Amino acid sequence: MAKLFLRKKIADRVINGHPWIFANELGDAEGDYEPGDIVEVYSYNGSFVGKGYINPASQIRIRLLTRKKEEAIDDNFFHNRILEAWKYRQQLGYVENCRLIFGEADQMPALIIDKFNDYFVVQTLALGMDKYKGAIVAALNKIFSPKGIYERNDVPVRSLEGMEQIKGFLSDPFPTNIIINENGLKFHVDIENGQKTGYFLDQQDNRRAIEHICKDATVLESFCYTGTFSLHAAHYGAKSVLGIDISENAVATARNNAILNGLDKICTFQAVNAFDVLKLWVKEGRKYDVVMLDPPAFTKTRENIQNAVIGYKEINLRGMKLTKPGGFLVTASCTNLVSPQMFLDTIALAAKDAHRTLRQVVWQTQAADHPILWNIPTTQYLKFLIVQVL
Ligand code: SAH
């Protein structure tokens with residue numbers, strides 16, 4: 001196994017538990033390796049740091065899998081890590097549906113596995129992890145005897161690792177439109193063509209957080225995807241709910257979800273661009289008791305954070321103007337590039353421009369099946385805020 005040595009003057013980040021080693025942090029190397037191979041990493045003075053997979057094509061040159069020299073990276077390793085992660089989810093009560101593996105936070109860098117009852121969706125987003133797809137699938141089969149496993153590797157980030165975008169079955173083929181239960185509701189999940197892995201599990205606790213503000217309310221949800229928050233609002237007693245999303249497919253599924261739950265008299269959905277209609281509806285003087293906003297990331301790169309902030313400010317400003325005095329704004333941000341403080345500051349700026357006072361009701365993050373590791377700050381990415389708009 002090749003040995004790679006960290007440069008003397010690198011930050012303590014790696015030593016303190018962060019699994020990524022960037023190209024410019026590596027010094028000497030001993031031995032040969034192929035892209036995706038497991039290598040040993042040592043500090044400049046020769047003390048063992050860990051073992052991980054290497055990819056010379058990637059800026060993130062090595063991602064560490066273990067800090068134990070004696071731990072072999074083999075089928076057993078993947079089995080044990082997945083089993084450990086499953087025990088953690090079970091302990092916290094995420095049993096039917098959960099993010100089973102949340103990459104770095106589960107010591108499985110660049111691996112995502114979502115569990116939707118008996119079905120599993122896998123993403124291997126780095127070359128070294130992709131090489132172990134067989135071991136990962138074997139472990140899932142052994143631990144869960146699943147009805148199906150599907151690969152959603154149609155993710156642009158794979159190009160940074162020199163890999164193609166693909167999707168398909170990792171088990172015998174199965175019907176990829178499935179139904180899951182969440183908080184007493186049922187949802188269609190399109191594993192093959194839905195966004196990301198098909199469903200946003202990270203908001204499952206946050207959807208419950210709207211329970212008390214929705215009773216008898218008129219509700220607007222923008223960026224509703226398959227209508228998950230909208231249906232929760234109706235389930236919790238809303239008088240009427242309008243959900244909007246730019247995707248025709250998402251809106252079609254949202255309508256089916258309303259029918260599936262017998263809430264189609266209360267919920268209606270429209271496929272429109274939120275930036276156009278929110279502006280128009282403010283002008284028309286529309287008002288709602290509850291306005292919910294869960295937009296996409298708006299940025300994928302650090303260089304464009306300012307654009308994201310402008311986007312968040314604009315839609316939140318509109319959202320506040322559409323909220324009746326004393327009503328509630330439910331607002332989220334799903335990119336780790338916008339920090340919690342930056343998000344709150346943006347909401348505060350929007351409130352100032354809208355001449356409204358905010359009273360904080362709920363301020364939380366992603367569900368605990370997406371664990372946050374304190375020495376890997378990017379593992380915290382979701383911000384979820386409910387404010388009363390006075
Ligand atoms: N709240 C949802 C997830 C929302 S993801 C859930 O918990 O399931 C963000 C959504 O915003 C996507 O469905 C995407 O189609 C939609 N979107 C992106 N740009 C939009 C725009 N300009 N107008 C309306 N919807 C948009």
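Counting starts at 1 for both ligands and their atoms, in listed order. Note that the structure is predicted; figures quoted are calculated from it, not measured.
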Peer 1: Closest non-hydrogen protein atom to atom 15 (O) of ligand 1, residue and atom name please, with distance?
Peer 2: Asp245 OD1, 2.7 Å
Peer 1: With only distance considered, is Ile246 within less than 3.5 Å of ligand 1 through an N or O on each side?
Peer 2: yes
Peer 1: Taking atom types as modelled, is there a side-chain donor on Tyr94 or Asp205 under 3.5 Å from an acceptor on the other?
Peer 2: yes
Peer 1: Heavy atom of Thr226 under 4.0 Å from ligand 1?
Peer 2: no
Peer 1: Please state which protein non-hydrogen atom is closest to atom 18 (C) of ligand 1 and give its distance, to 0.1 Å?
Peer 2: Pro296 CG, 3.5 Å
Peer 1: Under 4.5 Å between any side-chain heavy atoms of Val189 and Asn97, yes or no?
Peer 2: no
Peer 1: Of all the non-hydrogen atoms in the protein, which one sits nearest to atom 7 (O) of ligand 1, and at what distance?
Peer 2: Arg207 NH2, 2.8 Å
Peer 1: To check your reading of the model: name the closest protein heavy atom to atom 1 (N) of ligand 1, its residue, and the distance in Å.
Peer 2: Asp294 OD2, 2.6 Å
Peer 1: As an exercise, identify every atom of ligand 1 less than 4.0 angstrom from a heavy atom of Gln195.
Peer 2: 12 (C), 13 (O), 14 (C), 15 (O)
Peer 1: If we only count N/O pairs under 3.5 Å, is Ser247 in contact with ligand 1?
Peer 2: no
Peer 1: Checking the N or O distance criterion of under 3.5 Å, is ligand 1 in contact with Pro295?
Peer 2: no
Peer 1: Under a 4.0 angstrom heavy-atom cut-off, which atoms of ligand 1 come close to Asn273?
Peer 2: 21 (C), 22 (N), 23 (N)
